[in-house]
Amino acid sequence: MTTVLECIDAGTRYLEKRGVEDARRNMQMLVAHRLQCTRMQLYLRFDEPLDESTLAPLREDLKKRGERIPLQHILGIVSFHQHDFKTDARALIPRPETEELVELLIKKITHAPQRVLDLACGSGVIGLSLAAQWPDAEVNLADVSADALALAQENAAMLGLDRVSFIESDLFSKLHGPFDLIVTNLPYVPERDRSTLSPEVLHDPALALFSGEDGLDLIRRFAREVGAFLAPGGMIAMEIGNDQGDETAALLSQHGLTEVTVEKDISGIARFPLAKSL
Ligand code: GLN
C-alpha cells in the first residue's frame, strides 16, 4: 500500500534523478492533479492510501515529466492572473513575467481603452485577461499561427468571453487600426541561445520563441510598423528578453514613438517597454 506522502517522496526522487528542477513541487502538482485537490490540501492527506486507479495514471504522468515534458503540458492548465487557461504544444506556455505585464497594465491604465490589440497572442492570456478586466473594451487577438488562435479561442470560450475577435495575421499584415492599446509578447529568444534552453522550453513552438540571431528580428519589424496602427494618444506595451531594453527603446524612439520607458520585472530586469503615439 502506498500513501500520498510515500508516493510524493518516491516521485520526487525519480524526478530529481532526471534533472527536473523543483522536483518536489512538480511531484506534488502531479499528485494534486490526479486527486483533484490543491497542492496545499495534500498536506492534510499525507496518510491516505492511493489505489491503483490513481497510481496508474500518475505513473504515466511521472514518466512524461521524467522525459522533461513540461508540467503545464501534462496538467493542461495554467493559472494566469486570476483565471485558468488551457495550455498545450500549440502555443507558448504562459510565463510569470507575462502575468506581471498584465498586472502592470491594469495598474497603469485606469480608464479602459476602447480598442485593444494583443499581437502574437499565443494562448491568449494577455488579451483575454484584459478583456475580462475591461468588459467594455473591444479586444482583438492576432497571431500568425492558426493553431495558437484555435487555443486562444478555446480559452475565450472557457472564460465565457464572447466579445473578442481573432485574426490570423503575420504581425500587422491583416489588421486594421487604429488601436488605443497594442500589447505584444513577441518571440524574442536569440537563435544563438537555442542550445542553452532547457528541454522543457524546447517543447514550446519554435515559432513562438525564436526571432533571428539576436532575438530582435520581430521587434525591429514591430517598431517599424506599429506607429501606423496606433490611435492618437494610444499606447504600446511589450515584453522583451534580457539585455534587449536599450536596443528596443532606441528602435521605438527612432520610429517616432514618444515617452519610451522600459519597466523592470520582479527580478530587476528591464522587461516591459512602454511607449505612446505622438
Ligand atoms: N520568456 C520566454 C523564454 O524565456 C520567451 C518568450 C518569448 O520569446 N516571448 O523562454
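Counting convention: from 1, in listed order, for ligands and their atoms alike. If you're wondering where the values come from, they're calculated on a predicted model, not measured in any experiment.
- For the residue pair Asp51/Ser53, the side-chain donor-acceptor check at 3.5 Å is satisfied.
- Near Glu97, meaning under 4.0 Å from any of its heavy atoms, are these atoms of ligand 1: 1 (N).
- The protein non-hydrogen atom at the shortest distance from atom 3 (C) of ligand 1 is Arg95 NH2, 3.5 Å.
- Aromatic ring orientation, Tyr43 versus Phe46: tilted (interplanar angle from 30° to 60°).
- Looking from atom 1 (N) of ligand 1 to the surrounding protein, the closest heavy atom is Tyr188 OH, 2.9 Å.
- The proximity of Ala208 to ligand 1, defined as any non-hydrogen pair under 4.0 Å, is limited to the backbone.
- Distances below 4.0 Å separate heavy atoms of Leu186 from the following atoms of ligand 1: 7 (C), 8 (O), 9 (N).
- The CG atom of Leu104 sits 12.0 Å away from the OG1 atom of Thr98 when rounded to the nearest 0.5 Å.
- The environment of CG in Leu44 is crowded: more than 12 heavy-atom neighbours from other residues, nucleotides or ligands sit within 6.0 Å.
- Atom 9 (N) of ligand 1 is flagged as protein-proximal [any protein heavy atom, distance under 4.0 Å].
- Here is the list of ligand 1 atoms found below 4.0 Å of a heavy atom in Leu92: 6 (C).
- Taking a 4.0 Å cut-off on heavy atoms, Gly215 fails to register as neighbouring ligand 1.
- The aromatic rings of Phe172 and Phe222 lie parallel to each other, with less than 30° between the two planes, well short of the 60° mark.
- Between His203 and His73, the angle of the ring planes goes over 60°, which puts this pair in the perpendicular group of the 30/60° scheme.
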